[in-house]
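Values in this document were obtained by computation on a predicted structure and should not be read as measured data. Chain A is the first sequence line, chain B the second, and so forth, proteins listed ahead of strands; every chain is numbered from 1.
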Amino acid sequence: MGMVLGVLTAVAQGAATDADLVAARAQMALSLGWHIVLACFGVGMPAITLLAEWRGLRTGDVHYRLLARRWARTMGVLFAVGAVSGTILSFEMGLLWPGLMGTYGEVIGLPFAMEGIAFFIEAIFLGIYLYAWDRLSPRAHLLAGVPIVVAGVVSAFFVVAANAWMQQPTGFRLDGGRITEVAPWAAMFNPATPPQTVHMILAAFMVAGFGMASVYAVAMLRGSRGRYHRLGLLLPFTVAAIVTPVQVGVGDWAAHFVADNQPVKLAAMEAVLETRRGVPLHLGGVVVDGELRYALEIPYGLSLLAHWDPNAEITGLSEVPPADRPPINPVHWAFQIMVGLGLALLALSAWAAVSRRRRRDPTRSSWFLRATAVSGVAAVLAMEAGWVVTEVGRQPWIVYGRMRTAEAVNPAPGLVYGFALVTLVYVVLTVATVYVLRRMVRDKPVPIAPQERDVSGYEVV
Amino acid sequence: MTVPLPEITLAVMWLGLTAYVLFGGADFGGGVWDLLAGGARTGHRARDLIEHSIGPVWEANHVWLIFVVVVMWTGIPSVFAAVASTLYIPLTLAALGIIARGSAFAFRKASTELWQRRLFGAAFAFSSVATPFFLGTVAGALASRRVPPGIARGELVTSWVNPTSLLAGALAVGTAAYLAAVYLTRDAQRAGEDGLAGYFRARALACGLVVGVLSAAGLLVLRADAPVLFAELTAGRALPLLVLSVGAGLASLVLLWRRAYLAVRVTAALAVTGLLWGWGVGQYPELLPGVTVREAAATGSVLAATLGALAVGAVLLLPSLWWLYATFQRDRTPH
Ligand code: HDD
Ligand code: HEM
Ligand code: HEM
């Protein structure tokens, strides 16, 4: 009887057990964190591939054409895995967070509906681009790739606009727990949408660009120093290197936005415990027993950076009751990791720029190759860390200031087992994806229609 | 007169569901025939045909499912929450099946060695059976009124392990296999593979009979398990659709027998469409026990904006889709 009552109270408050809530959050984080890597390639890779195909057409250089085919083939695999991992997410929005979707589904529905259209366009033209390489004229084929690029960028915009709404919920009226009025366009273009969407789209180009460049950097370190590998490194690297300085500026915009609109999140990012003026910037450090230890302090740094005023007041975490505070250490560390890696990638981009200025080839330096070889992983880490800042920093709210994560979760028992199963599937999926991609690197020759490799009767190069 | 936005939204969602069953369903069916094609040597030609027919289009076909899910949470959010929370077990299993199927299909294409192709092929084929089955049990749970409104208020297991759900699951697998076999006969014929066309014709005939018997059995199960829906289907508004489905099903068998492979595509699709819309019309206006479309629908501004966006999207989509299918249905001329 006591147990039944216990379960009933737990159900009334949210998940069947605390472990179920933790499992649901972990499952969401795992699936999103996995999907986003693929999504970044889905946004960035088509543009870079088209660039190579276009250069190949213009210059007649066979290396560009080979690169475009290679990349197209890889895209075929990455898109398939990205599409299925994205489908799981749309299921999970309901399976794990029915409280969120039942109440607010209609408020964030519009961007998702438009994203659905973008996915269609993307999938349709991807089918044509990959499988009709030999059936279209080179120009028509190049043009068939353009909608993929547009749809990829646009779908990133829509889905991040939905997430931005969870940070700055606007455009609706709630009466007695029921939505009574919605302004769908106002919800979509909420104040957090501009900085978040721009920052994410640029991140996608950095992940794709540095990621592709690292593959060729590894190959060059292993001794393949031909023109094919050099171009394979330089083309995506250049795209990423152009985006990086812009991204650092946009990151600053995002940080100012958080400082003004989500002060509690900023306090967690910077490990500010008490509200004060003239707050220093904390580098590193851990919060133990309500106190920041081992941090390097730059006097007035934070006040200056966040509000352009050395004496500006910064809200501390103690302003809000403990139940409303996000976990400090993960947010603080994730922020440091993102900024640190962003600055490191900026330095790498500057290195390449300076050496080109001096009419030197950066790829002749093996230190440059080593740094480029890890730049892909660094970009992914920066991007994941950014999401930890955004999402963990929003806790305990799922809709900032409106609905707690614990109110949104599915109260059905057994989510823990679902999480275990999903984790297992993702481990297998990761191993298989990495294995297949590595095998594909070794495949030669490259067929004309990248997906028709197993068909006899097609031209190969 | 006010525009009936909730009904239009529901109809648009049902159109999306129909497209998913007709196109995406057939892709699952291809996987079923892949599973049944026998050993690596003997089944290799059938498997090649399946792979070539599905390859360029499956991702676009798959998006219909996402479309349905998104329109559902936007248009009838509380129903989406009730369905997803009560039926989270079959939906999680279906989701995992979707992961296994899509990625294994792409991986198999990219692999060269036989053991890899076998491994990925097996994952692709098994998940092609499991996924429509679990999705079918979800349909059965809704048809037999086992998902009450509210969050996770229904039985977690018996809501989808019950006579209607099991039958709907089997019917979903059967329908998928049937549609695939019908489409593949024509694909084989166009590729000049008359032997394969005959192979799939025999399977389409057999499978059509099985689906017909399953549907008849389904009606009996409905009579006991979902009497309201049964009454609508056999004597009410939905009767014309049931008649259409049965008629088109019988016509398909005749056309298959006479090797009219192009015409049978239309009648087979009609038979399945009749079944789906018969269910929809039979259950309307109730979505969940005691909850009508009007009660569950999102606010008018959301429905109007979403329908408007979808209409604009359709203007972009329909020509693109047409180009996709036309490109790959044209006779191929390899160099
Ligand atoms: C390659 C990836 C990358 C790089 C180099 C940076 N970021 Fe970032 N950042 C992201 C990728 C990212 C992200 C993953 O895309 C996030 C998560 C949510 C979002 O909109 O962007 C993000 C979020 C994010 C947020 C939280 C926004 C919110 O909670 O609403 C802030 C304050 C910054 N970033 C600031 C910066 C600064 C000051 C950088 C300077 C170096 C920086 N980012 C580099
Ligand atoms: C793709 C990049 C994203 C990543 C890597 C990411 C990461 C995370 C992480 C780490 C959590 C767990 C937070 C915690 O429990 O402490 C989380 C939760 C969540 N995120 Fe995101 N997120 C991303 C984008 C999005 C987007 C675009 C949406 C919705 C439109 C979204 C919706 C959610 C929801 C509903 C939860 C669960 C509730 C919660 O814990 O707040 N996320 N995400
Ligand atoms: C920042 C976060 C996200 C970005 C930038 C993003 C972007 C993308 C892109 C570009 C694709 C298609 C490309 C590919 O398949 O590789 C994709 C696929 C998909 N995404 Fe995401 N996504 C994000 C998060 C989410 C979330 C939170 C959801 C679910 C609610 C979601 C649902 C989907 C679905 C259903 C697909 C499959 C569509 C298809 O078949 O192509 N995504 N995503």
Side-chain angles (χ1 to χ4, degrees), chain A residues 76-77 79-81 83-85 87-88 90-91 93-95 98-99 101-103 105-106 109-110 112-114 116-117 119-121 123-128 130-132 134-135 179-185 410-412 418 421-422 425 429 432-433 436 439-440 443 451 454-455 457-459, chain B residues 52 55-57 59-60 62-63 65-67 69-71 73-75 77-78 80-86 88-89 91-92 94-96 98-103 105-107 109-112 120 151-152 156 298-299 301-302 305-306 309-310 313 316-317 320-321 323-324 327-328 332 334-335:
Chain A
V77 172
F79 261 88
V81 182
V84 291
S85 64
T87 310
I88 305 318
S90 51
F91 275 50
M93 295 297 279
L95 299 178
M101 301 314 284
T103 309
E106 59 181 292
L110 183 64
F112 279 112
M114 299 211 267
I117 294 171
F119 285 153
F120 253 126
I121 300 275
I124 292 171
F125 284 92
L126 190 77
I128 295 174
L130 293 183
Y131 288 85
D134 57 339
R135 298 178 195 212
I179 298 280
T180 51
E181 252 176 69
V182 182
W185 297 100
N410 190 348
L421 194 63
V422 167
V425 169
L429 188 61
T433 309
V436 168
R439 293 278 327 191
M440 283 171 62
D443 275 0
Q451 299 311 301
D454 38 61
V455 184
Y458 283 87
E459 244 175 67
Chain B
H52 286 287
V57 293
E59 281 201 62
H62 170 78
V63 182
L65 174 65
I66 296 153
F67 177 88
V69 170
V70 169
V71 173
W73 88 42
T74 311
S78 59
F80 174 71
V83 172
S85 54
T86 288
Y88 90 89
I89 299 172
L91 284 171
T92 303
L96 296 181
I98 287 170
I99 290 207
R101 197 182 85 102
S103 46
F105 183 71
F107 292 162
K109 262 197 156 319
S111 319
T112 38
F120 292 135
I151 289 174
L156 287 182
T299 51
S301 59
V302 170
T306 308
L310 293 180
L316 296 174
L317 270 180
S320 316
L321 267 178
W323 194 33
L324 175 73
T327 306
F328 296 103
R332 56 149 46 100
H335 310 240

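When each of Thr306(B), Ile99(B), Leu316(B), Leu321(B) is checked for heavy-atom pairs under 4.5 Å with chain A, Ile99(B) comes out on top. Looking only at heavy-atom pairs under 4.5 Å with chain A, the residue among Phe107(B), Phe67(B), Phe80(B) that has the most is Phe107(B). Chain A forms more heavy-atom pairs under 4.5 Å with one residue of Leu317(B), Leu310(B), Leu96(B) than with any other, namely Leu317(B).
Judged purely by atom type and a 3.5 angstrom limit, Ser301(B) uses its side chain to pair as donor or acceptor with the backbone of Val182(A). Distance alone, capped at 3.5 Å, is enough to place a donor-acceptor pair between the Glu106(A) side chain and the Thr299(B) backbone.
Contact of Ile89(B) with chain A is not made at all, since no heavy-atom distance falls under 4.5 Å. For chain B, the nearby part of Thr180(A) is the backbone; its heavy atoms alone come within less than 4.5 Å. Residue contact with chain A, scored on non-hydrogen atoms closer than 4.5 Å, is absent for Phe105(B). Using a 4.5 Å cut-off between heavy atoms, Val302(B) contacts chain A through both its backbone and its side chain. In this structure, chain B has a heavy atom under 4.5 Å from the side chain of Met114(A), while its backbone stays farther away. Within the 4.5 angstrom heavy-atom criterion, atoms from both the backbone and the side chain of Pro98(A) approach chain B.
The two atoms that bring Ala432(A) and Phe120(B) nearest to each other are CB-CE2, 4.3 Å, heavy atoms only. Summarising the geometry of Trp73(B) relative to Gly109(A), their closest heavy-atom pair is NE1-CA, 4.1 Å, with the distance given to 0.1 Å. In terms of heavy atoms, Val63(B) sits closest to Phe119(A) at CG1-CB, 4.0 Å. Taking every heavy atom of both residues into account, Ile151(B) and Pro411(A) meet most closely at CG2-CD, 3.3 Å. Here the shortest heavy-atom pairing between Ala81(B) and Gly102(A) reads CB-CA, 3.6 Å.
Applying the ring pair (Phe, Tyr, Trp, His ring centres under 6.0 Å) rule to Phe91(A) yields no partners; only residues at least two apart in sequence or on another chain are considered. Considering only residues two or more places apart in sequence or on other chains, Ser78(B) meets the side chain to side chain contact (heavy atoms under 4.5 Å, CB included) condition with Ala296(B).
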Chi angles and distances behind the side-chain contact (heavy atoms from CB on, under 4.5 Å) call for Phe120(A), Ser320(B): CA-CA 9 Å; Phe120(A) 253 126; Ser320(B) 316; over 6 Å; no
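Separation of atoms CG (Asn410(A)) and OH (Tyr88(B)) is listed at 7.0 Å; rounding is to 0.5 Å.
Using a 4.5 Å heavy-atom threshold, the side chains of Thr87(A) and Ile66(B) count as touching.
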